[in-house]
Amino acid sequence: MKTKNKLYWDKELNPEQREIVSYTDGPILVLAGAGSGKTRVITYKIAYLILEKNILPERILTLTFTNKAANEMKERIASFKNLKCDNLWIGTFHSMSCRILRREAKFVGYKNTFNIYDENDQLKIIKEVMGRFGYSEKNILPKTIYRKIDYAKNHLVSPENYVVSDWDRYDNIVKSVYSEYEKFMKSHNAVDFNDLLIKPIEIFNTNPSILKKYQNKFKYILVDEFQDTNLAQYQLLKLISQKHNNICIVGDDDQSIYGWRGAEISNIMNFDKEFKGAKIFKLERNYRSTKNILGFAQSLVNNNKNRRDKNLWTPNEEGEKISLGSLTDEKGESNWIAQNIKKEIFKKKKRLGDFAVLYRTNAQSRVLEEGFYNESIPYTIVGGVRFYERKEIKDILAYLKVISNPDDDINLKRIINYPARGIGKTTISKIEEISKEKGVNLYQGIKLGIESKNLPDRSRENLKLFYYLIEKYRSIIRKISLNELVRTLIEEVGISTLLRKEGTEESLGRWENVQELLSSISDYSKQKNNGSIDGFLEKISLFSDLDVWDNKQDAVTFMTVHNAKGLEFSSVFITGLEEGLFPLYNYMNDEKEVEEERRLFYVGATRAIDKLYLSYVVKRMRFGEIKNTKCSRFLDEIDRRFIVNEIEPIKVRKRKLKNKINAKDERYRAGRSVAHEIFGIGRIIEIEGTGEFVKILVDFEAVGRKKLLVKYANLKFMD
DNA sequence: AGAAAGGTTGTTTTT
DNA sequence: CAACCTTTCT
């Protein structure tokens, strides 16, 4: 007998899933294969805990890999009847630890207004510290040091514990720079991504009462994508879950693809040893892909040695075989993809949003973009240059960061003379001198500089203006809305005039980005009922491109295979399957690393619902040089039964010939009605170009004006 | 002080 | 090939 409050799940979950949902107490490991409905299990489990076990939402902690996954989960839970989820903690590891750190910052000597530094900021500090030590950037790259520090922090190695190995001549430098880097961060009230995880661990280890508070609070802990947790995340989990020991982790060792970021596949491999008495469940039924796709993916990942045994199956139909395209170069590859997309849209009535084009490195997206642009196929790119990392955006954010946390020298230097206000290099280095002498931060150094006799009147006047500008905003920070503050700010400091007066296409684009920033601030204010600067800054620091990606958009999605984790598409293209690219050459020689590349390929392949395409090229431009390539070893490993080798480079050329028209082709005239596979019906406006470069401008009823290359447009005449 | 030009360098994947 | 840094020119 079910009451209104109870969970109706018979139709929604299979017996295995139901068993997992209702098994609530003690440690649980769910080994969930690709497409086996693990997110569904987690959401139902949360609902079950609240509705059936009467657990208060605020006592449940759920950790996901991306904000996007967290938001989707929240939405799904909100759709359950009678379920209040306002107080649920659902978020990424980083956002959760950041939340904890904001509250408890003082226990590690931080103020709760700390700023979060990204890789660029970190590099600036490393360069500065290197300069202090007199290390030249010529001999050792700041980026190399950055990577080593990052690696150390990922593995919870402090500067004191950093081991200088005798085979690495840079380790000495790394150790000393690392140590200074940490001091710098602390004295400027800044943290990096790793600190978000490390600092709470430090707090918990040194303040048992604080740890107890969180241990008591979170009676149930659920973790998604557990295979990609690193040492710090694992440590945090162990600390928080210790008391109640109700921890449910869900993951798939075959999808562990973040080893380079410190993820430890051993966390999932050894979970049942660390958490004694852990109950292990397996979800092996795949709901997503066709038999062909799943079989193909299995035949690939079976080549890995370090993995848990599993037996994925699907009741879905055989489906089409996997298409393998062998193309002459990346232009051909892009073209092959475009043609296949058009074909499928036409024949199978798919939408543009059903397609994803995946690649190993972001750099590959450029040629694909060009190709799709020429073909007039709408696309969106996820990743690459992140929105909040664009220069114009970071400039404005730097103002906000300084206003909120004036200890932040890095961001202060970024804006002190932007837009130009007559504070040049000489003045800045004078200020730095003063600051160092008095042992204060730059901001206070400026204040001292205003009074200093060693500076020319002109500079002192400019410094004064700048100082009081920031002071003014610091004093009104709580009096006016965030929205208003930012708008006045960019007017007052002259960023808006600066960007608009240039008038180039580039500056116009930048101005548009600023507008986008402003509207994202408006959104945030609305959502948070007038949120704070800190809140906004935190949100965007932890935001990824994927989080803003709109999967309902009518456009083909381009992204890295890493970004595709957890998503699904009707048709998926995996491109650039060449030795050195996929697997990437840094990872070609070590068998463990090749296994991770193979898992990455597996992740990409299992995103596809009913059609998978693979492609490689014979020649590829790299480093500005055209090089011959060798096709990926992975293509030799897989079971050929699943593959159809349908495309040869010649065939693409044939298509071109078939569609080629002459400039004289009189069928194309302004005014005629035409139909396009993707854009629908439209009217020809004008014709330009000759030979195979004939372009026509068509005004489509549904999507407006588009310029198309006749050669590829495949237009049908309607009159 | 700031822009323009020239040289050099390097490509992984991201919260 | 581009992004980035340094130098040089105005």
Side-chain angles (χ1 to χ4, degrees), chain A residues 63-70 91-98 116-120 122-124 127 136-138 141-144 147 150 153-154 191-198 225 228-230 232-233 256-263 330 358-367 370 382-386 388-389 391 417-428 458-459 462 498 502 504 538-547 559-566 576 580-588 593 596-597 599-601 603-604 620-627:
Chain A
L63 297 165
T64 58
F65 193 71
T66 60
N67 293 299
K68 187 183 176 57
T92 60
F93 270 98
H94 287 87
S95 64
M96 175 211 53
S97 347
C98 186
I116 301 168
Y117 277 10
D118 65 14
E119 186 180 332
N120 282 320
Q122 297 181 60
L123 277 171
K124 278 187 196 162
K127 281 178 199 167
S136 151
E137 286 186 30
K138 292 251 158 53
L141 283 164
K143 205 155 187 186
T144 313
R147 288 211 181 110
D150 193 59
K153 294 189 87 161
N154 262 319
V191 296
D192 59 31
F193 279 109
N194 290 313
D195 289 330
L196 291 175
L197 305 170
I198 297 171
E225 308 277 17
D228 285 318
T229 50
N230 67 17
Q233 292 166 326
S256 167
I257 54 174
Y258 283 90
W260 51 273
R261 206 169 80 183
E330 52 267 70
L358 309 181
Y359 35 77
R360 178 66 244 259
T361 64
N362 282 306
Q364 287 164 258
S365 72
R366 238 206 61 239
V367 185
E370 273 170 24
V382 177
V385 193
R386 295 190 212 357
Y388 293 109
E389 273 173 26
K391 189 193 167 294
N417 199 33
Y418 176 85
R421 51 172 71 87
I423 305 178
K425 271 190 204 124
T426 25
T427 315
I428 294 174
R458 184 97 216 190
S459 308
N462 290 336
L498 189 80
E502 255 182 78
T504 61
E538 174 176 324
K539 187 183 162 125
I540 61 173
S541 299
L542 300 176
F543 230 67
S544 76
D545 252 31
L546 194 66
D547 299 328
M559 63 175 130
T560 61
V561 191
H562 280 92
N563 261 325
K565 190 174 77 155
L581 192 57
F582 206 163
L584 207 62
Y585 52 144
N586 315 49
Y587 295 144
M588 265 179 14
E593 293 179 331
E596 180 156 317
E597 294 287 296
R599 287 194 293 269
L600 188 58
F601 190 4
V603 167
R620 187 179 289 275
M621 169 103 78
R622 275 195 118 180
F623 275 114
E625 242 181 331
I626 296 169
K627 287 221 172 97

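Computed from a predicted model, the values in this text were never measured in an experiment. Note on naming: letters A, B, ... go to the chains in the order of the sequence lines (proteins, then strands), and numbering restarts at 1 for each one.
Here the nucleotide nearest the side chain of A:Tyr258, chosen from C:dA2, B:dT15, B:dT14, is B:dT14. Considering only side-chain atoms of A:Leu584, the nucleotide from B:dT14, B:dT12, B:dT11 that sits closest is B:dT12. Distance from the side chain of A:Met621 is smallest to C:dC1 among C:dC1, B:dT14, B:dG10. Side-chain atoms of A:Arg261 lie closest to B:dT15 of the nucleotides B:dT11, B:dT15, C:dC5. With B:dG2, B:dT14, B:dT12 as the choices, the nucleotide that has an atom nearest any side-chain atom of A:His562 turns out to be B:dT14.
Not counting sequence neighbours, the partners of A:Tyr258 by the ring pair (Phe, Tyr, Trp, His ring centres under 6.0 Å) test are A:Phe65, A:Trp260, A:His562. For A:Glu597, the salt bridge (Lys or Arg N to Asp or Glu O under 4.0 Å) partners are A:Arg360, not counting sequence neighbours.
Going from atom CZ of A:Phe193 over to atom P of B:dT15 covers 8 Å, rounded to whole Å. B:dT14 atom C1' lies 7 Å from atom CZ of A:Phe65, rounded to whole Å. B:dT13 atom C1' lies 13 Å from atom CG of A:Asp150, rounded to whole Å. In this structure, CG of A:Leu581 is placed 10 Å from C1' of B:dT12, rounded to the nearest angstrom. In this structure, CD of A:Glu119 is placed 12 Å from C1' of B:dT11, rounded to the nearest angstrom. Atom NZ of A:Lys124 is separated from atom P of C:dC4 by 11 Å (rounded to the nearest Å). At whole-Å resolution of the value, CD in A:Gln364 and C1' in C:dA2 are 16 Å apart. As a whole-Å value, the separation of A:Leu123 CG from C:dA3 C1' is 14 Å.
For A:Ile423 and A:Glu596, each mapped to the nucleotide of DNA chain B holding its nearest heavy atom, the one lying further toward the 5' end belongs to A:Ile423.
Atom NZ in A:Lys68 sits 10.5 Å away from atom CG in A:Asn563 (nearest 0.5 Å). Taking NZ of A:Lys565 as the start and OG1 of A:Thr560 as the end, the distance is 11.5 Å to the nearest 0.5 Å. A:Ser95 OG to A:Leu63 CG: the interatomic distance, rounded to the nearest 0.5 Å, is 8.0 Å.
A:Thr361 and A:Gln364 share a donor-acceptor pair across their side chains, judged by distance under 3.5 Å alone.
Contact annotation for A:Asn67: no contact, since no heavy-atom pair falls under 4.0 Å across all strands. Using a 4.0 Å heavy-atom distance criterion, A:Arg366 is classed as a sugar-phosphate-only contact. Nucleic acid contact class of A:Asn417 (heavy atoms, under 4.0 Å, all strands): sugar-phosphate only.
Of all heavy-atom pairs between A:Ala70 and A:Gly91, the closest is CB-CA, 3.9 Å.
Proximity of A:Gln233 to A:His94: side-chain heavy atoms (C-beta onward) are separated by under 4.5 Å at one or more points.
Note on A:Arg147: a side-chain N or O is less than 4.0 Å away from OP1 or OP2 of B:dT12. Residue A:Lys143 places at least one side-chain N or O under 4.0 Å from the OP1 or OP2 atom of B:dT11. Remark: A:Asn563 is in phosphate contact with B:dT14, judged by side-chain N or O atoms under 4.0 Å from OP1 or OP2. OP1 or OP2 of B:dT14 has at least one side-chain nitrogen or oxygen of A:Asn362 nearer than 4.0 Å. An OP1 or OP2 oxygen of B:dT14 is reached within less than 4.0 angstrom by a side-chain nitrogen or oxygen of A:Thr560. Residue A:Lys127 has a polar side-chain atom (N or O) positioned under 4.0 Å from OP1 or OP2 of C:dC5.
For B:dT12, its base sits under 3.5 Å from the side chain of A:Tyr587 at one donor and acceptor pair at least.
Distance noted for atom P between C:dC4 and B:dT13: 14 Å (whole Å).
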So which protein N/O to nucleotides 8-10 of chain C N/O distances come out below 3.5 Å?
none

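Other residues, nucleotides and ligands contribute only 12 or fewer heavy atoms inside 6.0 Å of the CZ atom of A:Arg458.
For the pair A:Trp260 and B:dT13, the ring geometry qualifies as stacking, because the centroid separation is below 5.5 Å while the planes lie within an angle under 30°.
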